[in-house]
Amino acid sequence: IVGTALIVWVLVGAWQSTFNPWGQDQANHLAKLANVVQEAPGAYPETDTEHISLMPKEAAAFKADNALSQVSGKNTNLSTLYSAGSPNKQSINKHLYWVFPLKLGGTNAAKRVKYIVPGYIVVDAEDPEAAPKLKLGYKMRYTPGARADHSIRRLMYAKYPEYVLDDLTLEINDDWQPYFTAALSKPAYSFGPTIPDAMIVVDPQTGKITKYKLGHAPGWVDRVYSASDAKQLLNWWGEWGAGEKDAPWKNGILAKEGAANRYKVSGDPVLVYTKDKGGSHPEWQMLMTSYRTDNSATYVALFDARVARVRLYRVPNLHIEKAAQAAFDSASWAKNKFQSTEPALHKIYGVTGYINTNDGEAAENQSLQGVGLVAADNTQGADVNAGTDQADVFLSYQEWLSSSRGSGSPGADSKTVTIEATVEHVSSVVRNGNTGFYLILKEAPNQVFLGQVDRDTVELPFVVVGDKVRITYND
């Protein structure tokens, strides 16, 4: 009985050490592993609309499988030797792609190709209409899942046995050369979950391994901290560092039920580009809710996955992903036609809102795409702007913002601009039963203005090329 009690005590103690800090010092240590900087209220940056992921993972996989099965010429039998593996989303030349490794087939197929993998598949994550690309011409001798002497994990473990290898990823550099990257991780403290301590880049063609200190990874590497790492570190900050300096401790353990002002990550991290980052690398975006409620988000976090630097923003009246998902699912356009994927938060036209991409439910329509937008502070199914044409949906959303939020600026960062110029082109279009007029001005040839007739614009239907006009719009 004594022996059994001792074993139970040791197991309980180990479990507590693994998942909870033992005292204030360890809690402070965990909270500071992510460098969190709280930004000014309302300062959340605009999304770079040139780099929005609109291709769901399932539809990308459908395209990748087709690309492999439709190869012709000398590579016709590739689909009998390899299959498309699990993809990851990454930036290549400042553009988002789904990258699919080629997996070796069964033992006979692997022996036939001498365990060599000739390439990978890329599917454009930003442009649903783009054709997938099968990148060949490589000789990757070390890959995941290969036998021992060709196993990339065995190669890495042999050189760094003192580390935990985390987030092994096929990552493509800006010259389209394939590499495998991984974090070399160690426990956050004596026991417990591991966090990156360094990172490595492996050339699968030669087996060369290069180790880098944190913060010194090559410029083309998107991430050292995986989505799960980012979520773990931000949860530690939210639990141990976001609230009171000295939490209520009892016998060295935090009494969580009595702690106020503590936060947790809602949903899963999403890769996003923002304009203020210049398109250099995407960041993990996460919403944080209070421990006391999960109906609305308190913060939006942008986590730099290369250096664990976090920008934290307060966004008022921010509904969480579940509310947006419910709105998309209830929209009449989506019912019985498309299957919604997880919505992603973006700031467009000065307003934070959710973008949702959709797959066709029928097997033959899995590549069919739909796009939906809804404001993050007004997640009602009736206010979802959706369709199969991206440009049309974004225009419809912009019109909805202008009409639903009055004649003032649509968002906190928008400003009212007045321009006087000469009409160079004019045309009309009927959308949703309403007639709108497109104008291109001689002095602003790169902008297209859309207006509808109301009491302030009764002359609009009579405008012709050469007329002088004064236009006030929200920028």
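From a predicted model like this one, the values you see are computed outputs, not experimental measurements.
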A.B. asks: Please indicate whether Glu50 has more than 12 foreign heavy atoms, meaning atoms of other residues, nucleotides or ligands, lying under 6.0 Å from its CD.
C.D. replies: no
A.B. asks: In terms of relative ring orientation, are Tyr97 and Trp176 parallel, tilted or perpendicular, with 30° and 60° separating the classes?
C.D. replies: perpendicular
A.B. asks: At their closest point, which heavy atom of Ala125 faces which heavy atom of Trp98, and how far apart are they?
C.D. replies: CB-CD1, 3.9 Å
A.B. asks: Under 4.0 Å between a side-chain nitrogen and a carboxylate oxygen: does that hold for Glu46 and Lys347?
C.D. replies: no
A.B. asks: Ignoring hydrogens, what is the shortest heavy-atom contact between Lys63 and Pro128? Give both atom names and the distance.
C.D. replies: NZ-O, 2.5 Å
A.B. asks: Evaluate Trp284 against Tyr225 for ring pair (Phe, Tyr, Trp, His ring centres under 6.0 Å), listing each step before the verdict.
C.D. replies: CA-CA 9 Å; Trp284 291 121; Tyr225 293 83; over 10 Å; no
A.B. asks: Evaluate the side-chain hydrogen bond (donor to acceptor under 3.5 Å, both in side chains) criterion for residues Thr422 and Lys468: first the C-alpha distance (whole Å), next the side-chain angles of each, then the deciding distance (0.1 Å), finally the verdict.
C.D. replies: CA-CA 5 Å; Thr422 303; Lys468 296 286 186 179; 2.8 Å; yes
A.B. asks: Classify the angle between the aromatic ring planes of Tyr138 and Tyr120 as parallel (below 30°), tilted (30 to 60°) or perpendicular (above 60°).
C.D. replies: parallel
A.B. asks: Check salt bridge (charged side-chain N to carboxylate O under 4.0 Å, His left out) between Lys89 and all other residues, then give those that pass, not counting sequence neighbours.
C.D. replies: none
A.B. asks: Could you list the residues that satisfy salt bridge (charged side-chain N to carboxylate O under 4.0 Å, His left out) with Asp167, not counting sequence neighbours?
C.D. replies: Arg223
A.B. asks: How close do Leu68 and Ala84 get, counting heavy atoms only, and between which atoms?
C.D. replies: CD2-N, 3.9 Å
A.B. asks: Just do the salt bridge (Lys or Arg N to Asp or Glu O under 4.0 Å) check on Glu420 and Arg470 with the steps written out, would you?
C.D. replies: CA-CA 4 Å; Glu420 294 186 8; Arg470 176 185 295 167; 2.8 Å; yes
